[in-house]
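Here's the structure, in structure tokens; my notes come after.
Just so it is clear, the model here is predicted, and its values are computed rather than measured. Below, each value reflects all heavy atoms present in this structure, side chains not excepted, and no hydrogens, waters or symmetry copies. Order of the sequence lines sets the chain letters (A, B, ...), proteins ahead of strands, with each chain counted from 1.
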2 protein chains.
Amino acid sequence: MQNPQAHVVSVPCSYAGPGPKLTELAPGVSLPCSTLRFARNDEIFAEEEDADFVYKVISGTVRDVRILSDGRRQVGAFHLAGEVFGLDCGKSHRYSAEAVVDCEIALVRRAALDKAVEADGGAARKLWGLTSRDLQQLQDHMLLLGRKSAIERVASFLRGMFSRSPAGDAVDLAMSRTDIADYLGLTIETISRTLTQLERSNAISMPTSRHIVLHSRLALVEG
Amino acid sequence: MQNPQAHVVSVPCSYAGPGPKLTELAPGVSLPCSTLRFARNDEIFAEEEDADFVYKVISGTVRDVRILSDGRRQVGAFHLAGEVFGLDCGKSHRYSAEAVVDCEIALVRRAALDKAVEADGGAARKLWGLTSRDLQQLQDHMLLLGRKSAIERVASFLRGMFSRSPAGDAVDLAMSRTDIADYLGLTIETISRTLTQLERSNAISMPTSRHIVLHSRLALVEG
DNA sequence: CGTCCCCTTGAGTTATTTCAACACTCGTGG
DNA sequence: CCACGAGTGTTGAAATAACTCAAGGGGACG
């Protein structure tokens with residue numbers, strides 16, 4: 001029996017799955033996929049690369065990255081386990097995606113997705129809805145980048161991470177201070193100082209630098 | 001004969017059109033619409049409002065606005081004549097849209113659009129493509145807000161306006177310094193100083209404060 | 001035990017903001 | 001015709017939030 005996913009091994013990383021599986025991109029929209037592992041800091045796709053796949057995080061954390069020619073970097077979003085990414089693009093990607101930590105990623109061929117959309121208007125709307133949600137998050141983030149102070153940015157970031165975490169009041173940050181800084185449009189020093197300040201004002205506690213526990217006072221830092 | 005658009009007169013502005021027309025949202029996707037006029041600074045739709053329509057600028061300029069409780073404002077995008085907006089949302093709008101100057105706007109019922117999408121997978125993909133394009137522009141804008149200097153922001157803004165203008169090397173800005181500042185995450189004073197600086201360095205000339213002429217040197221201010 | 005990476009902290013610098021004053025344009029009405 | 005006021009844009013001087021540069025701490029790993 002021929003393996004329909006055999007060609008994806010050309011992607012520069014190890015091939016993990018044995019054969020055809022399904023992954024659910026949106027409620028009720030499941031499509032065949034292959035699963036790949038990426039090591040920390042591996043590139044999942046590159047800017048300018050053809051957008052032949054859509055991706056879903058099985059485990060780990062992914063960052064979207066844009067870079068200016070002089071090295072200035074902007075992280076557009078973080079994708080946690082269960083989230084779909086790489087959907088929001090035309091023919092080619094306009095940013096690159098990288099593994100923040102070791103990741104397991106499901107890849108769905110865009111051709112398969114197009115076929116599903118063609119066949120089922122409901123699926124089209126659900127997937128379009130995913131793009132819309134991404135867009136709304138970017139709009140929130142634009143307000144943050146354009147108009148919020150450092151402490152408001154960090155508090156917003158933490159609140160977002162807490163709300164996406166199963167625990168709700170504790171998170172293990174997968175990303176470094178550099179990633180957070182490039183996400184929030186700040187420097188690592190400002191991130192560090194601001195976290196210290198939040199801890200000193202009892203808004204959070206930091207058992208270790210990557211482990212943050214929410215205290216109720218964080219709500220007071222609004223933005 | 002009953003006028004299917006009769007109910008839209010509940011929108012708070014004057015009703016301009018006589019009856020059923022069509023507007024082209026994407027290449028080959030034309031839908032029935034009504035045309036309304038909005039005066040300068042009128043709200044076209046509000047944050048939290050149900051997203052019952054999709055909009056297209058016939059003439060004029062529109063801004064997307066988000067506001068923080070303390071009044072800080074972020075302009076998410078400007079929409080010029082011919083551009084579709086209000087498409088990127090779930091059930092309700094997450095930002096408001098306002099007329100920068102007197103505008104003529106085509107309104108398409110979302111129900112009509114949903115029906116068209118249901119019937120034609122190709123239309124779905126084209127409209128989805130519009131949302132994707134918006135999203136890519138927001139990503140560019142995020143990089144600007146997160147990582148670019150004031151002069152780079154203003155130069156990027158002007159380059160964008162020049163490229164959208166039919167003349168290519170001259171624009172009549174419809175928006176005030178306040179709108180530009182809230183779009184670029186700066187203050188009106190910084191906008192004004194930066195434009196003066198660009199003019200003094202011969203990157204542009206400003207016959208009047210709203211009329212900007214491009215000189216070739218603007219390309220040198222990269223970002 | 002040394003090295004590397006990441007994070008924190010301090011001191012001084014700077015880009016941008018804030019505050020304040022003034023200039024220009026455009027209606028309106030005396 | 002000019003005075004007036006509102007709205008908009010420009011400019012200067014002082015203040016400040018965040019950045020840069022520099023040093024040191026601490027954990028992981030060979």
Candidates D/dT11, D/dG9, C/dT8 - which lies nearest the side chain of B/S209: D/dG9
Whole-Å distance separating the CD1 atom of A/I151 from the C1' atom of D/dT16: 16 Å
Looking across every strand, which nucleic acid part, if any, lies under 4.0 Å from A/S176 by heavy atom: base, sugar-phosphate, or nothing? sugar-phosphate
Looking at D/dA18, C/dT17, D/dT10, which one has an atom nearest to any side-chain atom of B/M206? D/dT10
To the nearest Å, how far apart are A/H211 NE2 and C/dC6 C1'? 18 Å
Where the side chain of A/T194 meets the backbone of A/T190, is there a donor-acceptor pair that is under 3.5 Å apart? yes
Looking at B/R40, I'd like to know whether one of its side-chain N or O atoms comes within less than 4.0 Å of OP1 or OP2 on D/dG7. no
Go through it in stages, so that I can follow the logic: the residues are B/F85 and B/I44, the test is side chain to side chain contact (heavy atoms under 4.5 Å, CB included), and I'd like the CA-CA distance, side-chain angles, deciding distance and then a yes or no. CA-CA 11 Å; B/F85 66 101; B/I44 297 169; 4.2 Å; yes
Salt bridge A/D179-A/R63, side-chain N to carboxylate O under 4.0 Å: yes
Would you say A/R210 places a side-chain N or O within less than 4.0 Å of OP1 or OP2 belonging to D/dG27? no
Take atom CD1 of B/I188 and atom C1' of C/dA21, then tell me their distance rounded to the nearest Å. 13 Å
Quick one: A/M175 CE to C/dC7 P, roughly how many Å, whole number? 11 Å
When rounded to whole Å, the CG to P distance for the pair B/L173 and D/dT8 reads 15 Å
What I want to check is whether the side chains of B/K21 and B/T35 have a donor and an acceptor closer together than 3.5 Å. yes
Side chain of B/T196 only, heavy atoms from C-beta on: which candidate in C/dT17, C/dT8, D/dT10 is closest? D/dT10
Test ring-ring contact (aromatic ring centres under 6.0 Å, His included) on A/H79 and A/Y55; report intermediate values, then the result. CA-CA 10 Å; A/H79 306 291; A/Y55 306 82; 9.9 Å; no
Can a side chain N or O of B/T190 be found less than 4.0 Å away from OP1 or OP2 on C/dT16? no
Answer with base, sugar-phosphate or nothing: what part of the nucleic acid does A/T208 contact at a heavy-atom distance below 4.0 Å? nothing
Assert: residue with more 5' nearest nucleotide on DNA chain D, out of B/S192 and A/I191, is B/S192
B/L186 has a side chain; which of C/dT17, C/dC6, D/dA22 sits nearest to it? C/dT17
Whole-Å distance between D/dT20 P and A/D70 CG? 11 Å
Starting at atom CG of B/L144, determine the distance to atom C1' of C/dT16, rounded to an integer number of angstrom. 15 Å
According to a strict under-4.0 Å criterion, is A/R193 in side-chain N/O contact with OP1 or OP2 of C/dT8? no
CZ of B/R72 versus C1' of D/dA17: gap in Å, rounded? 13 Å
Looking only at D/dT10, D/dT20, C/dT8, the nucleotide nearest the A/R177 side chain is C/dT8
